[in-house]
Amino acid sequence: DIQMTQSPSSMSASLGDRVTITCRASQDIGNYLSWFQQKPGKSPRRMIYGATNLAAGVPSRFSGSRSGSDYSLTISSLESEDMAIYYCLQSIQYPYTFGAGTKLELK
Amino acid sequence: QVQLKESGPGLVQPSQTLSLTCTVSGFSLTSYSVHWVRQHSGKSLEWMGRMWSDGDTSYNSAFTSRLSISRDTSKSQVFLKMNSLQTEDTGTYYCARLTTPFDYWGQGVMVTVSS
């Protein structure tokens with residue numbers, strides 16, 4: 001199975017901060033990488049697909065990038081509604097596998 | 001609009017079989033795949049399997065032969081059956097349509113495996 005190593009596991013940041021979360025794939029996954037946001041008691045919501053594409057309805061402060069086997073989710077200017085857990089997902093090979101998650105909290 | 005809704009028992013005894021239903025509306029199961037994803041409490045997400053639009057299925061091998069996904073297109077329902085349940089199978093089970101640029105998820109159903 002493809003392992004997705006996500007870092008950090010948690011982080012605290014201030015409103016307006018630039019925040020970056022990273023996932024590293026154990027094998028080549030091309031651009032088959034999505035980022036999901038999950039708030040407490042809610043279902044996940046995809047934010048980024050194809051490594052760099054903004055999902056429908058997602059604010060433009062969110063962006064995705066790739067450097068080799070490292071994939072990043074960046075929030076350019078943190079807002080209070082962005083506090084959540086973020087997961088990456090590879091969908092190039094079965095079984096699809098998620099990262100362990102990054103809990104983003106307000107400092 | 002597109003909706004998915006999971007239903008099933010909240011409590012299952014160890015070694016028994018879990019049966020969940022995902023009822024969809026706003027789209028046809030013959031046009032879109034539906035995935036099952038579970039989440040242990042406070043833990044990450046785990047992809048379980050997929051019902052393709054043509055009726056084929058794909059499974060996470062971690063569940064070996066104890067997982068089965070089927071459907072009834074006339075009722076717009078996708079079913080998950082998993083046998084030999086253990087306490088480690090406790091969690092929230094989601095069905096989802098993971099299309100782009102929109103994805104759709106059910107609200108999830110909490111399942112507790114306990115005697």
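Side-chain atoms are counted along with the backbone in the values below, which use heavy atoms only and exclude waters and symmetry mates. Lettering follows sequence order; numbering is per chain, from 1.
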Interface residues of residues 10-32 of chain B facing chain A - heavy atom cut-off under 4.5 Å: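 Contacts with chain A: none.
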
Contacts of residues 76-88 of chain B with chain A (heavy atom under 4.5 Å):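 Interface residues of residues 76-88 of chain B: none, nothing closer than 4.5 Å to chain A.
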
Test your reading of the model: is there a side-chain donor-acceptor pair from [X] to the backbone of [Y], 3.5 Å cut-off?
| X | Y | value |
| --- | --- | --- |
| A:Tyr71 | A:Ala25 | no |
| A:Arg46 | B:Pro101 | no |
| A:Ser72 | A:Thr20 | no |

Residues B:Glu6 and B:Arg38 bridged, charged N to O under 4.0 Å: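 Answer for the salt bridge query: no.
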
What part of [X] gets closer than 4.5 Å to chain B, counting heavy atoms only: side chain, backbone, both or neither?
| X | result |
| --- | --- |
| A:Gln6 | neither |
| A:Lys103 | neither |
| A:Pro44 | both |
| A:Tyr49 | side chain |

Heavy-atom contact with chain A under 4.5 Å, split by part of [X]:
| X | value |
| --- | --- |
| B:Tyr94 | side chain |
| B:Ser58 | side chain |
| B:Glu46 | backbone |

Among the listed options B:Thr92, B:Asn60, B:Val37, B:Leu45, the residue most often paired with chain A at heavy-atom distances under 4.5 Å: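 Max contact count across the listed options: B:Leu45.
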
[X] to [Y] - nearest heavy-atom pair and separation:
| X | Y | answer |
| --- | --- | --- |
| A:Ala84 | A:Gln37 | CB-CG, 3.6 Å |
| A:Cys88 | A:Leu33 | CB-CD2, 3.9 Å |
| B:Asp103 | A:Phe36 | OD2-CE2, 3.6 Å |
| B:Gly8 | B:Val109 | O-CG2, 4.2 Å |

Intermediate values then yes/no, salt bridge (Lys or Arg N to Asp or Glu O under 4.0 Å), A:Arg66 and A:Asp28: CA-CA 12 Å; A:Arg66 173 190 176 188; A:Asp28 180 20; 3.8 Å; yes

Evaluation steps, salt bridge (Lys or Arg N to Asp or Glu O under 4.0 Å), between A:Asp17 and A:Lys107: CA-CA 10 Å; A:Asp17 280 356; A:Lys107 187 182 290 184; 5.1 Å; no

Geometric class of the A:Tyr87/A:Phe98 ring pair [parallel <30°, tilted 30-60°, perpendicular >60°]: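 Ring orientation, 0 to 90° scale: perpendicular.
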
A:Arg45 side chain reached by A:Val58 side chain, heavy atoms, under 4.5 Å: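 Yes. Closest side-chain heavy atoms under 4.5 Å.
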
Sub-6.0 Å ring centroid separation between B:Phe63 and B:Trp36: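 No, the ring of B:Phe63 stays outside the 6.0 Å limit from the ring of B:Trp36, centre to centre.
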
